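Worksheet for the structure shown next.
Note that these values count all heavy atoms, side chains included, but never hydrogens, waters or copies made by symmetry. On a predicted model such as this, the values are computed, not experimentally measured, just so you know.
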Amino acid sequence: MEQYQGKTVCNKIAIGKIFLYHKKETQVKRTHIDDTEAEIRRFDAAKDYALSLLDQIYKKALVEVGADNAAIFEVHKMMMEDTDYLDSVYNIIRGQKLNAEYAVAATGDNFSRMFAQMDDAYMQARAADVKDVSERLIAALHRQKKESRDMPAGKEARASDSALPKRDASPSAYRADDRSAVPEPVILMADDLAPSETVQMDKSRILAFVTRHGSSNSHTAILARTMNIPAVIGIDFQDDWAGKTAIVDGYTGTVILEPDTKTIKQMTTRMQEDENKSLLLKELRGKQTVTKSGKSIRLYANIGSVSDVAQVLQNDGEGIGLFRSEFLYLESKTWPTEEEQFRAYKMVVENMAGKKVIVRTMDVGADKQAEYFHLEKEDNPAMGYRAIRICLDRPEIFRTQLRALLRASAYGRLSIMFPMIISLSEVLESKKLLESVKAELRESGIPYGDVEIGVMIETPAAVWISEELAGEVDFFSIGTNDLAQYTLAIDRQNPKLDSIYDPHHPAILRAIQSVIENGHKGGAWVGICGELAADTTLTQTFIDMGIDELSVSPAFLLPVREAVRSLE
């Protein structure tokens with residue numbers, strides 16, 4: 001029995017056989033082409049096919065991990081259609097008369113190297129995305145050649161299915177470069193996993209993820225947590241581990257290779273305790289979120305799409321504290337109309353049946369890109385042209401969303417929240433625009449409800465002017481993910497900084513305390529909607545600070561309720 005220490009991603013335990021997933025090394029030959037225009041058409045057809053696959057992955061991700069996490073695949077689609085990227089491919093095919101596979105590989109290498117050499121950590125992370133996009137295009141081009149060989153329909157799929165090893169298969173059967181060859185169930189180990197690979201894998205076949213590389217705050221790590229699959233990163237596994245039994249302890253970040261009978265029994269007991277705890281948590285449905293001393297907390301949920309409402313109701317959410325409305329824009333190939341938005345907001349409000357629904361106005365920009373916005377490339381997009389900055393700069397877009405929100409407010413308790421606020425003038429301008437839209441609706445005889453107005457506190461600037469902001473709004477919602485990133489000057493996607501990324505940093509906690517005090521002083525109630533809201537080690541701290549509301553992912557609603565009810 002051997003034990004290896006890594007970093008935890010998801011707090012769950014798994015026991016099973018190890019499957020080593022080695023990504024297939026794509027072999028690209030450099031071939032001279034006489035008919036370059038025919039080769040361009042071949043590339044375009046492969047690109048269209050690859051885009052259709054990304055559409056399927058995006059839709060699958062929407063269901064399994066929500067719109068916010070699925071947005072990375074929209075980014076991949078935009079990269080695949082980027083004019084600079086495509087021009088490079090076309091130029092190599094036409095100018096050098098070379099095959100499309102080589103043109104894509106060369107372009108991918110050049111763009112990936114360019115991103116990797118940038119100073120900004122966010123842009124460095126895009127290097128892996130460019131590789132993923134390029135490999136997908138090359139795979140689509142290879143598929144074209146396979147289809148041209150008169151292969152009988154369905155033969156490839158049947159061959160893939162027959163490759164599934166049985167539970168008593170030899171160790172070699174637990175090593176492959178094909179995801180469809182994954183036996184059921186296994187602990188999957190890989191150098192790293194792209195977000196698309198993570199989402200495409202059949203969850204029923206995956207007991208846990210273990211990778212050599214990656215960050216605990218990467219897109220893939222977030223997807224694993226959202227999918228509720230045990231995961232550990234930073235484990236330097238060996239090839240001879242294939243087929244061996246292992247335990248993945250997501251609580252401690254350890255992997256135990258070839259555990260003895262006693263250890264397996266102990267960890268099986270812990271797994272059963274986790275399952276029992278999950279069943280006990282369900283008994284908290286319908287219970288109040290209140291401490292033993294009578295301090296009551298509003299426990300709301302974060303959602304990224306209309307479909308997430310089912311999970312909120314299933315886990316007994318008392319309301320929705322963060323509805324990320326940008327999913328409507330990211331899903332669409334053009335501007336979502338007022339009517340389309342109205343129907344989505346109305347459906348959520350009606351399904352919540354009188355419970356509060358807080359909608360954040362669109363937070364497009366940074367890593368949430370929609371091509372039809374025609375946003376220019378930025379050196380530091382996380383701090384660039386995004387969210388409320390776009391809304392106020394393009395008021396015609398903002399007015400359409402505000403009209404849809406106000407119309408939906410007639411069907412339930414809807415609140416509107418503005419993101420990425422750094423100044424009082426932004427709030428005043430947003431409120432002025434909102435009042436103008438209300439006047440339009442009144443003139444047209446269109447009803448709307450009594451809407452609360454709030455702002456996201458996610459920048460240090462907003463923290464330090466929170467007392468002034470409180471006088472202009474009804475509530476604050478503290479976005480601890482971005483607040484921690486901006487306060488600590490740490491890109492949380494950068495694995496090199498994992499060891500110093502500390503959301504419990506005194507500066508973060510003091511900022512939260514200050515916002516709560518200033519909000520209450522100005523008459524605004526205060527909630528937290530970032531990941532820290534679900535951190536039960538801080539629940540007591542937040543209650544002592546005087547927090548009014550916590551908004552978490554639906555899966556964390558009952559655990560947080562249990563934590564609150566256990567406090568004095």
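For the residue pair V455 and V427, the shortest heavy atom distance occurs at CG1-CG2, 3.8 Å. Among all heavy-atom pairs drawn from S466 and V463, the shortest one is OG-O, 2.7 Å. Nearest heavy-atom pair across G412 and V349 is CA-CG1, 3.2 Å. Taking both residues in full, the closest heavy atoms of K77 and L51 are given as O-CD2, 3.9 Å, listed atom of the first, atom of the second, then distance. Summarising the geometry of F476 relative to V473, their closest heavy-atom pair is CE2-CG2, 3.7 Å, with the distance given to 0.1 Å. Closest approach of C529 to G479, counting heavy atoms only: SG-CA, 4.1 Å.
Counting only distance, with no hydrogens or angles, the side chain of K355 and the backbone of I320 share no donor-acceptor pair below 3.5 Å. A side-chain donor-acceptor contact under 3.5 Å links D308 to the backbone of S305. Side-chain N or O atoms of S566 include one that pairs as donor or acceptor with a backbone N or O of A563 at under 3.5 Å. When atom types are taken as modelled, the side chain of N315 and the backbone of G317 share no donor-acceptor pair closer than 3.5 angstrom. Although no hydrogens or angles enter the test, the distance criterion places a donor-acceptor pair under 3.5 Å between the side chain of E426 and the main chain of I422. Panel note: side chain S551, backbone I528; no donor-acceptor pair is recorded below 3.5 Å.
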| query | How far apart are the C-alpha atoms of R413 and E452, what are their side-chain angles, what is the distance that settles it, and do they pass the salt bridge (Lys or Arg N to Asp or Glu O under 4.0 Å) test? | reply | CA-CA 9 Å; R413 296 177 62 199; E452 273 193 334; over 6 Å; no
| Passes side chain to side chain contact (heavy atoms under 4.5 Å, CB included), E350 versus K346? Steps please. | CA-CA 6 Å; E350 287 184 329; K346 176 175 176 283; 3.2 Å; yes
| task | Starting from the C-alpha separation in whole Å, work towards a yes-or-no answer on side chain to side chain donor-acceptor pair (under 3.5 Å) for D274 and Y251. | result | CA-CA 11 Å; D274 282 352; Y251 289 96; 2.9 Å; yes
| message | Pair Q485, N481 - check side chain to side chain donor-acceptor pair (under 3.5 Å), show working. | response | CA-CA 6 Å; Q485 180 170 235; N481 300 351; over 6 Å; no
| field | side chain to side chain contact (heavy atoms under 4.5 Å, CB included) between M417 and V359, intermediate numbers included | value | CA-CA 6 Å; M417 178 165 64; V359 182; over 6 Å; no
| task | Evaluate the criterion salt bridge (Lys or Arg N to Asp or Glu O under 4.0 Å) for residue pair E339 and R407; output intermediate values, then yes/no. | result | CA-CA 10 Å; E339 198 61 31; R407 287 174 57 196; 3.3 Å; yes
| request: Show your working on side chain to side chain contact (heavy atoms under 4.5 Å, CB included) between I397 and M362 and close with a plain yes or no. | output: CA-CA 10 Å; I397 301 171; M362 66 165 192; 3.7 Å; yes
| message | Before you tell me yes or no, could you show the steps for T459 and D482 under side chain to side chain contact (heavy atoms under 4.5 Å, CB included), namely the whole-Å CA-CA distance, both residues' side-chain angles and the distance that decides it to 0.1 Å? | response | CA-CA 7 Å; T459 65; D482 272 337; over 6 Å; no
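Put simply, CE on M456 and CE on M420 are 10.0 Å apart, with the number rounded to the nearest 0.5 Å. Distance CG/D544 to NZ/K295: 10.0 Å, rounded to 0.5 Å. The CG atom of N351 sits 14.0 Å away from the OH atom of Y411 when rounded to the nearest 0.5 Å. Here the straight-line distance linking atom OG1 of T252 with atom NZ of K7 works out to 15.0 Å at 0.5 Å rounding. Distance check, rounded to the nearest 0.5 Å: CD1 of I388 to CG of D393 gives 11.5 Å. Atom CD1 of I358 is separated from atom CD of E549 by 5.5 Å, given to the nearest 0.5 angstrom.
Inter-residue side-chain proximity for F342 and T337 is flagged as unmet; no heavy-atom pair is nearer than 4.5 Å. Looking at heavy atoms from C-beta onward, R565 lies out of side-chain contact with T289 at the 4.5 angstrom threshold. Under the 4.5 Å side-chain criterion, counting only non-hydrogen atoms from C-beta, R399 is in contact with S436. Counting heavy atoms from C-beta on, the side chains of S409 and Y345 never come closer than 4.5 Å. Using a 4.5 Å heavy-atom threshold, the side chains of T539 and V564 count as touching. With contacts defined as side-chain heavy-atom distances shorter than 4.5 Å, the pair M352/V309 qualifies. Side-chain contact check for K356 versus S415: some heavy-atom pair is nearer than 4.5 Å. Between L488 and I508 there is a side-chain heavy-atom pair separated by less than 4.5 Å.
For E318 and R298, the salt-bridge test fails: no basic side-chain N is under 4.0 Å from an acidic carboxylate O. A salt bridge links E326 with R360: at least one charged nitrogen is closer than 4.0 Å to a carboxylate oxygen. Salt bridge present: R561 and D316 bring a charged side-chain N and a carboxylate O closer than 4.0 Å.
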List, one per line, each side-chain donor-acceptor pair under 3.5 Å for residues 510-517, sequence neighbours excluded.
from : atom 1 : to   : atom 2 : distance (Å)
Q513 : NE2    : E517 : OE2    : 3.2
S514 : OG     : N518 : ND2    : 3.4

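Residue Q288 places its CD atom among 12 or fewer non-hydrogen atoms of other residues, nucleotides or ligands, all under 6.0 Å distant. Heavy-atom neighbours of F556 CZ from other residues, nucleotides or ligands within 6.0 Å: at or below the threshold of 12.
Each of L532, L538, L509, D535 was compared with T480 under the side chain to side chain contact (heavy atoms under 4.5 Å, CB included) criterion, and only L532 meets it. Of the candidates I297, D548, L550, I478, F542 forms a side chain to side chain contact (heavy atoms under 4.5 Å, CB included) with just one, namely L550.
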